[in-house]
Amino acid sequence: MADESTPQANAPQANAPQANAPQVSWPFREAERVAERLAQKGKTHALFETGYGPSGLPHIGTFGEVARTTWVRNAFTRLTGLPSKLLAFSDDMDGLRKVPDNVPNRDMLRQFLGRPLTDVPDPFGTHASFGAHNNARLRAFLDSFGFDYEFASSTEYYVSGKFDAALLHVLANHDKIVEIIRPTLGPERRATYSPILPIHPRTRIVMQVPIESTDVEHGTVTWSDPETGTRYETAVTGGSAKLQWKADWAMRWYALDVDYEMSGKDLIDSVKLSSQIVRALGAEPPVCLTYELFLDENGQKISKSKGNGLSVEQWLTYAPPESLAQFMYHAPQRAKRLFFDVIPRAADDFINNAAALRTTNDPQGNPAWHIFGGKIPDDAGSPISFTMLLNLASVINAENPDMLWGFIRAYMPGATPENAPFLAKLVAYAIAYYRDFVAAGKQFRAASPAERSALQDLATRLKAGAYQEFPGETEAEKLQNLVYAVGKEQKFSPLKAWFDCLYQVLLGQTEGPRFGGFIALYGVEKTVGLIEAALARDERK
RNA sequence: GAGCCUGUAGCUCAGUGGUAGAGCAUUCGACUUUUAAUCGAAUGGCCGUGGGUUCGACCCCCACCGGGCUCACCA
């Protein structure tokens, strides 16, 4: 503070915080919370967890949760240099509650309702159990994005005894846990609730029954089959029993000493209660982050039955994975509408961020830095926006990458798939977009008699190679001059009407590219085919 | 009933206590042998309302109004 003596008395607030302090990105904010937890506990490695319910196949929210957790984990690594692990935990020991609509052999499945998913045959017949099948789907999904994680099966953890010590501890605190959960339940469930769900030794069903007594010394609970009245004494360890959801989550946090887990806002109450249970067990819950759920185009909730959501497959048909990551990065605690129209913008946000990464002095505040996992690749960017590519693809009826590249080079000389590989990927996505959304919605107008003869004339002269006689240094110019000549000879007035005819009759749109250039890229023969097809189409009407 | 998100340009949305921003739309211009893409520019704002904190509030706090979502069975 050498300026004590300088006459800056009117300068604003000496004690105000520096206005230009770089904003800390949310993954680093979360990472700091994790680092703080580790410091308090004296831990030197961090465990990040993500969880998967038994019912669902992997979906766009699954991607979001793992991607976001991975960003926090990377930030943690960068911040502390400490080792860490991401555990992807599958609740495959949960009972099969209902038969899903979208699987084969549903009658077979019906016989196994209530049994752990890993105790239900695989309706697809490809894996050892339904649970194993779903696990494989989940892992394939995560692997397709290259996520770094360790898979964990609840069944395996229970059966192998990895949870035994924690389960006995839960048993010892059985009443305390009941007291935590009971006030949140309705009257009926309140009467029967226990965090311990014994697995029926005969039917293998996960039983929700009153626990009549607990024996901490022997590690067992006593209960009665409500149908037969038979009393059973069941060990809480070794996979003979599992825990009810909220207690299960808490026990897992306790047993594995989980340091970080995020979840959707639908689980706010579960996080609260599970945290209370962990404290009752004498430990601290992990650092938790609640993220908002996604809405559809109209701000309505996304439900599978309505089909108003956007699937990962759909997104990745029209834009690269980085764009989906970009969408997931932004403001996880804010509700966002997730529908088709957000894709181009997410892609361009990513492109801009990737470009800014090279010039910024705060790379760790840049989403692209996180999406790249802290590494800055050489060929990440695109010199042209995705929105522009989509427009271009529409205007020129881009049926293949070569056509699009032809127009890209027209004003970006030197651009090739080799020196702009990310752009090359975007081109392929733009083609898919054109194919599915633009081409499908085309409205082709019938040609008037005068237009018919003009089109016929153009086709004939194209076929004969007559354009070679026209002036111009390039094929495109010669073709353009031929098109003009036909329009003038056929006395279109204004001449623009001739071009309107070409766009509306041949391309099914009101506007289009310079036609000579279009023919050159699309191909003379194919253009002739286009004309003949249009004339034949009108003939039939 | 409990909780969460949200309200900023015509539309969709960014916005980090210090001059209100982008894309699209609109209008004008440049380029073009017709266009479109593209490029340049302009237009467009009581930042939901009312209080409070502050030298200063879109931003922080409180209340209210509007728009949504989630949980109160299971997980």
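In what follows, chains carry the letters A, B, and so on, assigned in the order in which the sequence lines appear, proteins first and then strands, with residues in each chain numbered from 1.
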Between [atom2] of [N] and [atom1] of [X], the distance in whole Å:
X	N	atom1	atom2	answer
A:Q208	B:A75	CD	P	5 Å
A:F499	B:U35	CZ	P	9 Å
A:L295	B:C13	CG	P	10 Å
A:I384	B:U38	CD1	C1'	9 Å
A:F518	B:A37	CZ	C1'	14 Å
A:L479	B:U35	CG	P	20 Å
A:Y329	B:A14	OH	P	15 Å
A:D296	B:U12	CG	C1'	15 Å

Give one of base, sugar-phosphate or nothing for [X], where a contact means two heavy atoms less than 4.0 Å apart.
X	result
A:L502	nothing
A:Q244	sugar-phosphate
A:R97	base
A:T184	sugar-phosphate
A:Q509	nothing
A:K488	base
A:G512	base
A:R514	base

Tell me which nucleotide, if any, is Watson-Crick or G-U wobble paired with [N] when both distances must be under 3.5 Å.
N	value
B:C64	B:G48
B:U70	B:A2
B:U38	B:A30
B:G23	B:C11

Expressed as a whole number of Å, how far does the [atom1] atom of [N] sit from that of [M]?
N	M	atom1	result
B:A14	B:C47	C1'	13 Å
B:G51	B:C58	P	14 Å
B:C5	B:G10	P	27 Å
B:U16	B:C59	P	11 Å
B:C73	B:C13	C1'	38 Å
B:G50	B:G7	C1'	16 Å
B:A22	B:C39	P	15 Å
B:U6	B:C24	P	26 Å

Identify which nucleotide among [options] has an atom closest to any side-chain atom of [X], counting heavy atoms from C-beta outward.
X	options	value
A:V395	B:U35, B:A36, B:C13	B:A36
A:Q480	B:A75, B:U34, B:A37	B:U34
A:M388	B:C73, B:C39, B:C4	B:C39
A:L392	B:C71, B:C13, B:A37	B:A37
A:H330	B:A14, B:U35, B:A75	B:A14

Using the rule side chain to side chain donor-acceptor pair (under 3.5 Å), only one of A:D94, A:T118, A:N135 pairs with A:T155; which is it?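 Result: among A:D94, A:T118, A:N135, A:T118 is the only option passing the side chain to side chain donor-acceptor pair (under 3.5 Å) with A:T155.
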Identified side chain to side chain donor-acceptor pair (under 3.5 Å) counterpart of A:E451 within the set A:Q504, A:R445, A:Q490: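 That would be A:R445; it is the only one of A:Q504, A:R445, A:Q490 passing the side chain to side chain donor-acceptor pair (under 3.5 Å) with A:E451.
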Do the ring centers of [X] and [Y] come within less than 6.0 Å of each other?
X	Y	value
A:F350	A:F386	no
A:W26	A:H330	no
A:F499	A:F492	no

Do A:K265 and B:C5 have a side chain to base donor-acceptor pair shorter than 3.5 Å?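 Donor-acceptor pair under 3.5 Å: no.
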Using heavy atoms to find the nearest nucleotide of RNA chain B for A:Q333 and A:A497 separately, return the residue whose nucleotide is more 5′.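 Residue closer to the 5' terminus by nearest nucleotide: A:Q333.
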Both A:E292 and A:K496 contact RNA chain B. Which one's nearest nucleotide lies toward the 5' end?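 On the 5' side of the pair lies A:E292.
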Any side-chain donor-acceptor pair under 3.5 Å between A:Y467 and A:Q480?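 There is no such pair between these side chains.
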Crowding at CD, A:Q456 (>12 non-hydrogen neighbours, <6.0 Å):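 Check fails, neighbour count at 12 or below.
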Take A:Y318 and A:F340, measure what ring pair (Phe, Tyr, Trp, His ring centres under 6.0 Å) needs, and give me the verdict at the end. CA-CA 9 Å; A:Y318 304 111; A:F340 184 79; 5.4 Å; yes
When you check the phosphate oxygens OP1 and OP2 of B:U6, does a side-chain N or O of A:R334 lie under 4.0 Å from one of them?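 Result: yes.
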